[in-house]
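We're numbering straight along the sequence, starting at 1.
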Amino acid sequence: MNTSLTDVLAGARLMPVLTVPDPATAAPLAEALAAGGARCAEVTFRTPDAEQVVKTMAAHGHLTVGAGTILTAEQAERAVAAGARFLVSPGLDDEVIAKCRELGVPVVPGIATPTELMRALKAGLDTVKLFPAEAIGGTSTLRALAAPFPQMRFVPTGGIRAEGLAAYLAEPSVLAVGGSWLATPAHLEHGQYTEICRLTADAVARSTP
């Protein structure tokens, strides 16, 4: 049976999007995010050790961990085997969607056009990633796309900053917002976990009604 992203996130509306070059930073990163109030995180498959990062962060126990930048069905399998509870893709790929359905995990494919939205609906999906959100018009584009598709929920990501978070979350069609400003590779390289915790706490406060 397939689980929905709504069920997996259990009300969490802030999704840190993480690119983690060094797996040794995964455990303290998970601790900093959780201490700041984050309840979920997306680990991008852009680094050689992404599987180990997912495994380590999932073992922390206080975060629902997913994997992002999933481009192939094979990556989807590896991510789920490592402990990912949801998968995110930058685009709409039929093979990735089919594999996620087979694995029983929610997948959030990226879309930027009404045509892609119609393909997502045809594939039986009810949640998509608006990507790259800021570059294609932000909340104005989101509202325009959401209007003809009231059954669809969106997870906007790409270029969103702390000051824009509340505007996205105020949109009824938005399930959660992804942001990479919370924990950057530079933060991790310099061991700035206190700053990650602070940025996360600030974003959680902004995302709480």
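Residue pairs meeting the side-chain hydrogen bond (donor to acceptor under 3.5 Å, both in side chains) criterion with at least one partner in residues 14-28, sequence neighbours excluded, are T19-T44. Listed by first and then second residue, the ring-ring contact (aromatic ring centres under 6.0 Å, His included) pairs that reach into residues 134-154 come to none, sequence neighbours excluded. Residue pairs that meet the side-chain hydrogen bond (donor to acceptor under 3.5 Å, both in side chains) test with at least one member in residues 107-125, sequence neighbours left out, are D94-R119, T113-E116. Listed by first then second residue, pairs satisfying side-chain hydrogen bond (donor to acceptor under 3.5 Å, both in side chains) with a partner in residues 151-165 number zero, not counting sequence neighbours. Applying the salt bridge (charged side-chain N to carboxylate O under 4.0 Å, His left out) definition to pairs two or more places apart or across chains, none involves residues 56-66.
Hydrophobic clustering, with ILVMFWY side chains joined whenever heavy atoms are under 4.5 angstrom apart, keeps L92 apart from M118. A chain of hydrophobic side-chain contacts below 4.5 Å, direct or via other Ile, Leu, Val, Met, Phe, Trp or Tyr residues, connects L117 to L130. Criterion: ILVMFWY side-chain heavy atoms under 4.5 Å apart, direct or through other members. Under it, I70 and V65 are part of a common hydrophobic cluster.
Of all non-hydrogen atoms in L71 and P90, the two that sit nearest each other are CD2-CG, 3.5 Å. Minimum interatomic distance between V43 and A50 (heavy atoms only, all atoms of both residues): CG1-O, 4.2 Å. Minimum heavy-atom separation, A76 to K99: CB-CG, 4.0 Å. Between L188 and I196 the shortest heavy-atom distance is CD2-CD1, 3.9 Å. The heavy-atom pair separating A73 from E95 by the smallest distance is CB-O, 4.0 Å.
Grouped with L9 in one hydrophobic cluster are L5, V8, M15, F86, V88, V108, V155, L175, the linkage being side-chain heavy-atom contacts under 4.5 Å among Ile, Leu, Val, Met, Phe, Trp and Tyr residues.
For the pair P156/V174, a side-chain contact is recorded, criterion being any heavy-atom separation below 4.5 Å from C-beta on.
Side chain of D93 to backbone of V96: a donor-acceptor contact under 3.5 angstrom is found.
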For residues 133-148, please give each side-chain donor-acceptor pair under 3.5 Å, one per line with the distance, not counting sequence neighbours.
residue	atom	partner	partner atom	Å
E134	OE2	Y168	OH	2.4
T141	OG1	I136	O	2.5
R143	NH1	E171	OE2	2.6

Using a 3.5 Å cut-off and no angle test, enumerate the donor-acceptor pairs between side-chain atoms of residues 176-185 and protein atoms at least two apart in sequence or in another chain.
residue	atom	partner	partner atom	Å
T184	OG1	A186	N	3.4
T184	OG1	H187	N	3.1
T184	OG1	H187	ND1	3.2

Please output the side-chain donor-acceptor pairs of residues 202-209 that fall under 3.5 Å, not counting sequence neighbours, one pair per line with the distance.
residue	atom	partner	partner atom	Å
D202	OD1	R206	NE	3.4
D202	OD2	R206	NE	2.8
S207	OG	A203	O	3.1
S207	OG	V204	O	2.9
T208	OG1	V204	O	2.7

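Note that CG of D7 and OG1 of T64 are 11.5 Å apart. Values are rounded to the nearest 0.5 Å. Rounding to the nearest 0.5 angstrom, the gap separating the NZ atom in K129 from the OG atom in S89 is 7.0 Å. In this structure, F131 CZ and I160 CD1 are separated by 10.5 Å, a value rounded to the nearest 0.5 Å. Distance check, rounded to the nearest 0.5 Å: CG of L103 to CD of E77 gives 6.0 Å. Here the CG atom belonging to L125 is positioned 9.5 Å from the SG atom belonging to C100, to the nearest 0.5 angstrom. Going from atom CG of L14 over to atom CG of L33 covers 9.0 Å, rounded to the nearest 0.5 Å.
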| request: Please step through side chain to side chain contact (heavy atoms under 4.5 Å, CB included) for the pair L121 and M152, ending with a clear verdict. | output: CA-CA 8 Å; L121 280 172; M152 191 62 79; 3.5 Å; yes
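Applying the ring pair (Phe, Tyr, Trp, His ring centres under 6.0 Å) test to H60 and every residue at least two apart in sequence or in another chain returns H62. Taking the side-chain contact (heavy atoms from CB on, under 4.5 Å) definition, one finds that A26 meets it with V53, T56, M57, sequence neighbours left out. Remark: R78 engages F45, E51, E74, Q75 in a side-chain contact (heavy atoms from CB on, under 4.5 Å) (not counting sequence neighbours).
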